[in-house]
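First the structure, in the form of structure tokens, and then the observations on it.
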Amino acid sequence: MSDNIHIYSFYNNKGGVGKTTLCQNAACLYASRHPEELVLVIDLCPQANISQFLLGGGHKGYSVNQRVQNQASRKNIVGFIDWLLSGNSGFTSISNSYMIKASTHNSYIPDNLYLIAGDSFLESQTLALNFATMNPGNINAWAEFVTAIRRLCKEELYKSKYDSMRVFIDCNPSFSIYTQMALVSSDFLIIPTMSDFSSLEGIKGILMLLYGKYPSSAVRNYASKVLTFSRQINNFGLTLPSIFELALNNFTSNSGVASAFGSVNNEIVSFCWDQYQKDPSIFASTSSLIQNKHNFEKTFFSEVKDFHTAGRISATLGIPLYELTRKTSYYMPDMTHVVCPRDRYAESLQHLNAFVSKI
């Protein structure tokens, strides 16, 4: 990690946990608070939902992103990967920028927020990427590809007017090669998760997949016989992002359901605390080792309430959550009138502010 570039990947191999919603709103709020800094969002999800949001929301954002995709030379993530596949995986400089200034298309987005847009063709590049990383003529090919996004960020910052950069990467749930490119290039991992037992299993899966933290000696012995991701990391002397935050998405404050959520949340916190005690190096460093579960939870866990109606308005119109406080009445693209009282999402905004304050 350099002093002037910090890269955060939002990833969970379990889908439907609010990853994209948190990533887009955190990036926008962070950018509004730090206008002196270049904030870059990289869309590494083939659905390109975060690009659609930043480029105007709903139909408008979709249309703008389609125009970018239909250009002969794509100025987006697929264009960058095309360039890598053309023999440039070991690049040390770039001739063209792949960033789009989001506020050019969406006036609600801060001027210092830029986007490397997503593309539905990204999934189709997976086969070519896999072949390229196994190039027998270049034994360093895999390492070159999985570190390419960090080098891209460095070049984009160098070409800009800014002195420092925060990067927010929206990852796809699949652990494909382009997801590996995001994770290896990142400094920090943010894991959005739900208050359910399948999310607990998902966290266990991430620890095994990324960091080689196997649940039993039998699994560890089995893994020793195959080429795993964590072994590749060690073979090339690369580093992985440290776990920065686990964002617990709770859908409701209903007392009965909230109690059930609290019970599951406690199991998730307890499991992660146990992992921290075994190996604190996989978590983001703190000024001193954390001595108890309470302080561990305060440091590495955030609560995120579902945005409900506010979230639908935000996504459809491309308005970051913090900007919805300007008014309560909105017209959707089909001219349906929607009222969104501020008190309905006040708690969600409070949680978002607290989360972004940690970044």
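Residue indices begin at 1 and follow the sequence shown. These numbers were taken from a predicted model, which means no experiment stands behind them. Below, each value reflects all heavy atoms present in this structure, side chains not excepted, and no hydrogens, waters or symmetry copies.
The distance from the CG atom of Leu54 to the SG atom of Cys28 is 5.0 Å, given to the nearest 0.5 Å. Atom CG of residue Leu129 and atom CG of residue Leu122 lie 8.0 Å apart, to the nearest 0.5 angstrom. Atom SG of Cys153 is separated from atom CG of Leu40 by 5.5 Å, given to the nearest 0.5 angstrom. Note that the CG atom of Leu246 and the CD atom of Glu303 stand 13.5 Å from one another [nearest 0.5 Å]. Note: Thr20 OG1 to Ile50 CD1 = 6.0 Å, rounded to the nearest 0.5 Å. Taken to the nearest 0.5 Å, the CG atom of Asn265 stands 10.0 Å off from the CE atom of Met194.
No donor-acceptor distance shorter than 3.5 angstrom exists from the side chain of Asp274 to the backbone of Ser270, with no hydrogens or angles considered. With hydrogens and angles ignored, the 3.5 Å screen pairs no side-chain donor or acceptor of Ser314 with any backbone N or O of Ala310. At least one donor-acceptor pair under 3.5 Å links the side chain of Asn70 to the backbone N or O of Gln66. Judged by distance alone, with hydrogens and angles left aside, the side-chain atoms of Ser186 form no donor-acceptor pair with the main-chain N or O of Leu240 at under 3.5 Å. With hydrogens and angles ignored, the 3.5 Å screen pairs no side-chain donor or acceptor of Asn12 with any backbone N or O of Lys19. Under a 3.5 Å cut-off, the side chain of Asn25 and the backbone N or O of Thr21 do form a donor-acceptor pair. No donor-acceptor pair under 3.5 Å is formed between the side chain of Gln52 and the backbone N or O of Gly57. With hydrogens and angles disregarded, no donor-acceptor distance shorter than 3.5 Å links the side chain of Ser9 to the backbone of Tyr11. Without hydrogens or angle criteria, Arg151 side chain to Glu144 main chain gives a donor-acceptor distance under 3.5 Å. Formation of a donor-acceptor pair under 3.5 Å by the Asn140 side chain with backbone atoms of Ala143 is not found in this model.
Residues Asp43 and Ile77 are not in side-chain contact: their nearest non-hydrogen atoms beyond the backbone lie 4.5 Å or more apart. Using a 4.5 Å heavy-atom threshold, the side chains of Ile116 and Leu152 count as touching. Side-chain contact between Gln24 and Val41: absent, with no pair of heavy atoms (C-beta onward) separated by less than 4.5 Å. Within the 4.5 Å cutoff, side-chain heavy atoms of Leu210 are placed close to those of Leu189. Considering only heavy atoms from C-beta on, Ile233 comes within 4.5 Å of Val184 through its side chain. Side-chain contact between Phe188 and Ile359: absent, with no pair of heavy atoms (C-beta onward) separated by less than 4.5 Å. Here the side chains of Leu55 and Thr104 are not in contact, with every heavy-atom distance at 4.5 Å or above. Side-chain contact between His34 and Val39: absent, with no pair of heavy atoms (C-beta onward) separated by less than 4.5 Å.
For CD1 of Ile139, the number of neighbouring non-hydrogen atoms (other residues, nucleotides, ligands) closer than 6.0 Å is 12 at most. Residue Lys213 places its NZ atom among more than 12 non-hydrogen atoms of other residues, nucleotides or ligands, all under 6.0 Å distant. For Lys101, the NZ atom is densely surrounded, since the number of other residues' heavy atoms within 6.0 Å is greater than 12. Other residues, nucleotides and ligands contribute over 12 non-hydrogen atoms within 6.0 Å of the CZ atom of Phe301.
Of all the heavy atoms in Arg231 and Ala223, the pair that sits closest is NH2-O, 3.8 Å. Contact record, Val219 with Met208: CG1-SD, 3.9 Å, taken as the closest heavy-atom pair. In this structure, Pro333 and His59 approach most closely via the heavy-atom pair CB-CD2, 4.3 Å. Of all heavy-atom pairs between Gly118 and Ser51, the closest is N-OG, 2.8 Å.
Using cut-offs of 30° and 60° on the angle between ring planes, the pair Trp142 and Phe229 is perpendicular. The aromatic rings of Phe300 and Tyr276 sit tilted relative to each other, their planes meeting at an angle between 30° and 60°. By the 30° and 60° cut-offs, the orientation of the rings of Tyr98 relative to Trp83 is tilted. Relative ring orientation between Phe91 and Phe80 is described as perpendicular, the plane-to-plane angle rising above 60° on a 0-90° scale split at 30° and 60°.
Residues Thr193 and Lys14 bring no donor and acceptor atom of their side chains to less than 3.5 Å of each other. A side-chain N or O of Asp334 and one of Thr336 form a donor-acceptor pair less than 3.5 Å apart. Ser224 and Asn221 form no side-chain donor-acceptor contact under 3.5 Å, judged by distance and modelled atom types alone.
Partners of Asp111 according to the salt bridge (Lys or Arg N to Asp or Glu O under 4.0 Å) rule, which considers only residues two or more places apart in sequence or in another chain, do not exist here. By the ring-ring contact (aromatic ring centres under 6.0 Å, His included) test, Phe271 pairs with no residue at all, sequence neighbours left out. Qualifying salt bridge (Lys or Arg N to Asp or Glu O under 4.0 Å) partners for Glu123, counting only residues two or more places apart in sequence or in other chains: none. In terms of the salt bridge (Lys or Arg N to Asp or Glu O under 4.0 Å) criterion, residue partners of Glu37 (sequence neighbours excluded) are, by chain and number, Arg166.
Evaluation of the ring pair (Phe, Tyr, Trp, His ring centres under 6.0 Å) test over residues 334-359, restricted to residues two or more places apart or in two chains, returns Tyr331-His337. Applying the salt bridge (charged side-chain N to carboxylate O under 4.0 Å, His left out) definition to pairs two or more places apart or across chains, those involving residues 70-81 are Arg74-Asp119.
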**OP:** With side-chain hydrogen bond (donor to acceptor under 3.5 Å, both in side chains) as the test, would you mind laying out the steps for Gln125 and Asp82 before giving the verdict?
**Re:** CA-CA 8 Å; Gln125 286 182 315; Asp82 276 342; 2.9 Å; yes

**OP:** For side chain to side chain contact (heavy atoms under 4.5 Å, CB included), just list the numbers for Thr133 and Met181, CA-CA rounded to whole Å, side-chain angles, deciding distance to a tenth of an Å, and then say yes or no.
**Re:** CA-CA 11 Å; Thr133 60; Met181 291 170 66; over 6 Å; no

